[in-house]
Amino acid sequence: MMGLSFQDKNILAPMVRVGTLPMRLLALDYGADIVYSEELVDIKMLQCKRVVNDILHTVDYVSPTGRVIFQTCERERHHVVFQMGTADAERALTVATLIQNDVAGIDINMGCPKEYSTKGGMGAALLLFPEKIEMILSTLVKGVSKPITCKIRILPSLTETISLVKLIEKTGVAAIAVHGRSKDERPQHPVHCDVIKAISQAVSIPVIANGGSQELIRQFQDIHAFRSATSTSSVMLARAAMWNPSVFRQEGLLPVETVIRDYIVYAVRYDNHYTNTKYCLCQMLRDQLESPLGKRLHAAQSTLEICEIFELSDFYESCRAAQKAKKADLQSVGLATTVKNDDEDLNAISLPIRFDKRKYMSQFTPKMLLLEWCRKMKLPQPVYHTGQIKEVGRAVCSHCLSSYPWPNRSKDE
């Protein structure tokens, strides 16, 4: 368990779709001490093959379809904590054994309230089963050599919460990260600094405070204030870092435009898929999304187009040329390492048809209008299925099947 300390650290929180390699490296550049990966589910990781990518100088965990599920590199090796979504101790141990030599620590997600996590008994769903929490954490602590942590939310009562963290402490974990809200509370609800403080005082292991973005943390100096208010060992930032990862800089925030360019450099260098790059940049632009710049970003359909928007196309071309040359060199000596194409989806059937948002001025698409109508009428969220009628293919909402004029066809068809 030696090697990674959770005392007096500023930490990038695990965030789905945000905590990929470019964001983690950028946070480290700006001053973060530890960076957590996005939550990755154990079953998905069990299907992956570990591949050393000699072109990008990364270690890639690749799914059977060729998609890179987790990517890391030497720069973050002693700083990255792999967050796992799991509800099974043995599966968790198998995954931890697979990746432990490529990361500095392993975290179990016990705090995410979203359905994609809880529906499999993972995330915040684990908070209802302390015996399962104990089994998973104890198995990992005994079975791997890297520090084990977990991230939780607070329970309905302080007594229940303290009881849970004391049980977690006994498993031998290196630290506990606490989001200071219950599973039913959202960012607009105040963070419970008093509960985090009580937790910190109740256990002897490091407690990491989380949940202070926007309400309490907007710049580097606020991190120390949040730590003092919660009496914790360290602070973990999610949304504040997502909006501007230079929040980790002691010297102060950088302009968003500078941060975006720094992010794109890493995205190109490590061949990040353009949809993930675009998503992260949209989080940084925030209130500028409806500006001409934001609309151009929304319309971008490749990494090159994103680079053109931010005047980095020359960098893109030089980087891609260097990668192709490196690939040719490796192939010449019989090492056929492959670089994934960031604009390819191996699961997609491609047709020469393109939806270009720049040609559609209205912000209200049919799907958006239908979603709003369903919410107003208190109906379930629309679910779309793709079907084909003769030579015409179209997407159909399952709520509309009964009223849609399908000539000579049953509802199931």
Side-chain angles (χ1 to χ4, degrees), residues 11-20 24 35-48 61 63-64 67-70 80-100 103 105-144 146-156 160-161 163-165 167-169 171-187 199 208 210-211 236 238-239 242 276 381:
I11 302 170
L12 177 70
M15 291 178 280
V16 172
R17 297 184 69 184
V18 174
T20 48
R24 300 197 305 266
V35 291
Y36 277 56
S37 75
E38 62 177 333
E39 178 197 26
L40 294 168
V41 177
D42 55 4
I43 294 176
K44 183 179 292 187
M45 287 298 297
L46 288 174
Q47 301 171 4
C48 289
Y61 285 82
S63 74
R67 179 187 174 198
V68 176
I69 303 301
F70 176 65
V80 63
V81 174
F82 177 89
Q83 190 186 63
M84 189 191 317
T86 187
D88 182 86
E90 292 306 314
R91 283 203 306 266
L93 179 59
T94 303
V95 174
T97 303
L98 174 68
I99 57 96
Q100 66 173 326
V103 298
I106 297 165
D107 180 81
I108 301 300
N109 178 4
M110 300 181 180
C112 181
K114 301 292 186 180
E115 184 183 358
Y116 58 73
S117 187
T118 59
K119 66 182 179 182
M122 303 176 292
L126 282 172
L127 297 176
L128 301 175
F129 303 99
E131 69 284 352
K132 186 176 288 188
I133 289 176
E134 184 177 19
M135 175 62 72
I136 292 171
L137 295 178
S138 297
T139 299
L140 291 177
V141 169
K142 295 173 184 176
V144 299
K146 295 298 172 69
I148 305 299
T149 65
C150 65
K151 186 171 183 286
I152 69 169
R153 283 185 172 238
I154 63 176
L155 297 177
E160 291 176 282
T161 305
S163 176
L164 176 64
V165 296
L167 178 146
I168 291 172
E169 181 183 27
T171 65
V173 296
I176 304 173
V178 181
H179 185 125
R181 295 181 179 87
S182 71
K183 67 181 181 65
D184 296 320
E185 291 179 319
R186 293 297 177 264
I199 293 171
I208 305 166
N210 176 235
M236 176 179 279
R239 287 171 300 139
M242 175 179 71
N276 180 253
Q381 182 171 317

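Annotation: salt bridge (Lys or Arg N to Asp or Glu O under 4.0 Å) contacts of R239 (sequence neighbours excluded): none. With sequence neighbours excluded, the residues satisfying side-chain contact (heavy atoms from CB on, under 4.5 Å) with S138 are E134, T171.
Proximity of C150 to M110: side-chain heavy atoms (C-beta onward) are separated by under 4.5 Å at one or more points. Within the 4.5 Å cutoff, the side chain of I168 has heavy atoms near those of the L137 side chain. Residues T86 and V41 are not in side-chain contact: their nearest non-hydrogen atoms beyond the backbone lie 4.5 Å or more apart. Residues M15 and M242 meet the side-chain proximity criterion, which asks for heavy atoms closer than 4.5 Å. Residues E39 and P14 fail the side-chain proximity criterion, which asks for heavy atoms closer than 4.5 Å. The closest side-chain heavy-atom distance from I99 to I106 is below 4.5 Å. When side chains are defined from C-beta on, S37 counts as touching Q83, because their heavy atoms get closer than 4.5 Å. Contact of the V173 side chain with the T149 side chain is not registered, since no non-hydrogen atoms from C-beta on lie closer than 4.5 Å.
The distance from the CG atom of L155 to the OG atom of S163 is 9.0 Å, given to the nearest 0.5 Å. Here L164 contributes atom CG and L128 contributes atom CG; the two are 10.5 Å apart, rounded to the nearest 0.5 Å. With values rounded to the nearest 0.5 angstrom, M122 atom CE is found 15.0 Å from K114 atom NZ. Annotation: the span from I136 atom CD1 to I148 atom CD1 amounts to 11.5 Å, rounded to 0.5 Å. Note that the CD atom of E131 and the CG atom of L126 stand 10.0 Å from one another [nearest 0.5 Å]. Summarising the geometry, atom OG1 belonging to T161 is positioned 7.0 Å from atom CD1 belonging to I152; distances are rounded to the nearest 0.5 Å.
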_Test side chain to side chain contact (heavy atoms under 4.5 Å, CB included) applied to I176 and I208, step by step_ = CA-CA 6 Å; I176 304 173; I208 305 166; over 6 Å; no
_As a quick check of understanding, evaluate side chain to side chain contact (heavy atoms under 4.5 Å, CB included) for V18 and E38, giving each step before the final call._
CA-CA 7 Å; V18 174; E38 62 177 333; over 6 Å; no
*Taking it one step at a time, do V16 and Y116 satisfy side chain to side chain contact (heavy atoms under 4.5 Å, CB included)?*
CA-CA 11 Å; V16 172; Y116 58 73; 3.4 Å; yes
*Derivation and outcome, side chain to side chain contact (heavy atoms under 4.5 Å, CB included), residues Q100 and L98*: CA-CA 6 Å; Q100 66 173 326; L98 174 68; over 6 Å; no
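In terms of heavy-atom proximity, A124 sits nearest to P113 at CB-CA, 4.1 Å. Nearest heavy atoms, A87 versus D42: N-OD2, 4.2 Å. The shortest heavy-atom contact between A177 and M236 is CB-CE, 4.0 Å. Contact detail for V144 and A96: the closest heavy-atom pair is CG1-CB, 3.7 Å.
Within 6.0 Å of the CD atom in E115, the count of heavy atoms belonging to other residues, nucleotides or ligands does not exceed 12.
Judged by distance alone, with hydrogens and angles left aside, the side-chain atoms of R186 form a donor-acceptor pair with the main-chain N or O of K183 at under 3.5 Å. Listed for the N109 side chain is a donor-acceptor partner under 3.5 Å among the backbone atoms of G111. Between the N276 side chain and the R17 main chain, a donor and an acceptor come within less than 3.5 Å of each other. The backbone N or O of E185 sits less than 3.5 Å from a side-chain atom of R153, completing a donor-acceptor pair. Checked by atom type and distance alone, the side chain of R24 pairs as donor or acceptor with a backbone atom of G19 at under 3.5 Å. Side chain of K151 to main chain of I108: no donor-acceptor pair is present (N/O by atom type, distance under 3.5 Å, no hydrogens or angles). Not one N or O on the side chain of S182 forms a donor-acceptor pair closer than 3.5 Å with the backbone of P156.
Between F70 and F82, the ring-plane angle classifies as perpendicular under the 30° and 60° cut-offs.
Checked by atom type, the side-chain pair E90/T139 shows no donor-acceptor distance below 3.5 Å.
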